[in-house]
Amino acid sequence: MKFALQCVPNKSRHVINRRQDLIVPIKSCLFAFKEKENNEIFRMKGVLKMCKVVAIASQKCGTTKSTTCRNLATVLKNMGYKILVVDCDNQANLTDCFGIESPDKLEITLYHLMKKIIMDEDLPEKEEYIITKEDVDVLPASILLSDIEIKLVSAMSREYILKTIIDEIKADYDFVLLDAMPSLGLMTLNVLATCDSVMIPATPEYLSAKGLELLLKATQIQRDVSFVLVVTLCYIKIG
């Protein structure tokens with residue numbers, strides 16, 4: 001298990017998600033995903049392409065998961081990588097961060113794709129559900145996703161429904177970012193079973209630390225997953 005700590009300045013609290021000029025300096029946390037000096041995902045594009053699936057997860061609300069995912073996607077895009085972000089939260093905050101309005105009116109969201117896998121139906125063409133915003137591909141969510149937990153209970157291989165979807169499309173990308181919901185339910189277990197690395201935003205307070213502990217316990221079965229702890233909303237007094 002790989003683990004690293006990165007502090008993000010307090011101004012991340014005031015990030016305006018749709019403004020690229022206010023992106024927090026999250027680029028520096030990417031070092032934690034470099035497991036070896038010659039890791040394939042950091043080689044020059046065209047030599048070898050390997051998709052890295054990164055989850056942004058926390059058991060606690062209000063730790064800037066969606067903002068972190070939004071900013072990280074833009075930073076990676078600016079570095080020249082092909083990015084897919086997947087909103088795995090029924091609040092659809094990440095979907096809104098990319099300016100996708102009225103997600104409830106979309107014909108196909110993550111909920112519909114997961115439902116098709118559960119019902120053993122074929123997935124639609126990628127172009128029917130991927131929305132491109134600012135050169136970043138987005139797989140949106142809606143409030144309908146709140147119903148997926150019930151359907152997952154009786155599904156076969158229920159922890160791997162999301163992984164089946166991502167495995168179908170990840171070959172087209174360098175990074176896939178999964179914005180998890182603030183819970184330890186079946187949907188979050190799907191996210192953890194799909195990813196290679198987990199970025200855990202946390203605030204320096206008791207409840208956030210407690211949520212971090214619960215999340216780490218839930219991921220003990222994933223022995224090959226790398227972890228990054230990103231401390232957000234950190235106040236530093238100078239002088």
Say you draw a straight line from CG of N190 to CD1 of I165; how long is it, rounded to the nearest 0.5 Å? 8.5 Å
Carefully, step by step, assess V54 and V198 under the rule side-chain contact (heavy atoms from CB on, under 4.5 Å). CA-CA 6 Å; V54 181; V198 181; over 6 Å; no
For atom CD of E125, is the number of surrounding heavy atoms from other residues, nucleotides or ligands below 6.0 Å larger than 12? no
Heavy-atom pair of closest approach, residues P182 and K65: CB-NZ, 3.7 Å
Side-chain heavy-atom pair M181, V191 within 4.5 angstrom cut-off: no
Is V153 reachable from M114 through a run of I, L, V, M, F, W or Y residues, each pair having side-chain heavy atoms under 4.5 Å apart? yes
Could you check L139 against L113 for side-chain contact (heavy atoms from CB on, under 4.5 Å), going step by step and ending with a plain yes or no? CA-CA 10 Å; L139 204 174; L113 299 181; 3.9 Å; yes
Looking only at heavy atoms, what is the nearest atom pair of A57 and A180, with distance? CB-CB, 3.9 Å
Considering only heavy atoms from C-beta outward, does the side chain of V138 approach that of I130 to under 4.5 Å? no
Heavy-atom count around D104 CG within 6.0 Å, excluding the residue itself: above 12? yes
Could you go step by step and tell me if V176 and V86 meet the side-chain contact (heavy atoms from CB on, under 4.5 Å) rule? CA-CA 7 Å; V176 175; V86 183; 4.0 Å; yes
Would you say the side-chain atoms of T109 pair up with the backbone N or O of S142, donor to acceptor, closer than 3.5 Å? no
Residues D172, K126: salt bridge by 4.0 Å N-O rule: yes
Could you state whether M79 and L177 fall into the same hydrophobic cluster, counting links through intermediate Ile, Leu, Val, Met, Phe, Trp or Tyr residues with side-chain heavy atoms under 4.5 angstrom apart? yes
Mind checking side chain to side chain donor-acceptor pair (under 3.5 Å) for D89 and listing every partner two or more places apart, or none if nothing turns up? Q91
NZ of K151: more than 12 outside heavy atoms within 6.0 angstrom? yes
Where do S197 and K52 come nearest, in terms of heavy atoms and distance? OG-CE, 3.1 Å
Looking only at non-hydrogen atoms, find the nearest pair between P103 and I100 and report the distance. CD-O, 4.0 Å
Please report the interatomic distance CG(D135) to CG(N78), rounded to the nearest 0.5 Å. 9.0 Å
Are T68 and M199 packed together at the side-chain level, in the sense that at least one heavy-atom pair is separated by less than 4.5 angstrom? yes
Under 4.5 Å between any side-chain heavy atoms of Y129 and P124, yes or no? yes
Any donor-acceptor pair under 3.5 Å linking the side chain of E149 with the backbone of M187? yes
Assess, by modelled atom type and distance only, whether the side chains of D137 and Y173 contain a donor and an acceptor separated by less than 3.5 Å. yes
Spacing of CG belonging to D174 relative to CE belonging to M50, to within rounding of 0.5 Å: 11.5 Å
Gap separating the OH atom of Y111 from the CD1 atom of I143, nearest 0.5 angstrom: 12.0 Å
Heavy-atom side-chain proximity of I131 to L106 below 4.5 angstrom: yes
Can you check whether I118 reaches I148 side chain to side chain, under 4.5 Å on heavy atoms? yes
Do C88 and L178 have side-chain heavy atoms sitting under 4.5 Å apart? yes
Tell me, with the steps shown, if L84 and F175 meet side-chain contact (heavy atoms from CB on, under 4.5 Å). CA-CA 6 Å; L84 170 68; F175 285 91; over 6 Å; no
Would a hydrophobic clustering, with Ile, Leu, Val, Met, Phe, Trp and Tyr connected at side-chain separations under 4.5 Å, put M156 with L123? no
How many angstroms lie between atom CG of D87 and atom OG of S66, to the nearest 0.5 angstrom? 6.5 Å
Taking side chain as C-beta onward, heavy atoms only, is R70 less than 4.5 Å from L94? yes
Roughly how far, to the nearest 0.5 Å, is the NZ atom of K163 from the CD1 atom of I117? 13.0 Å
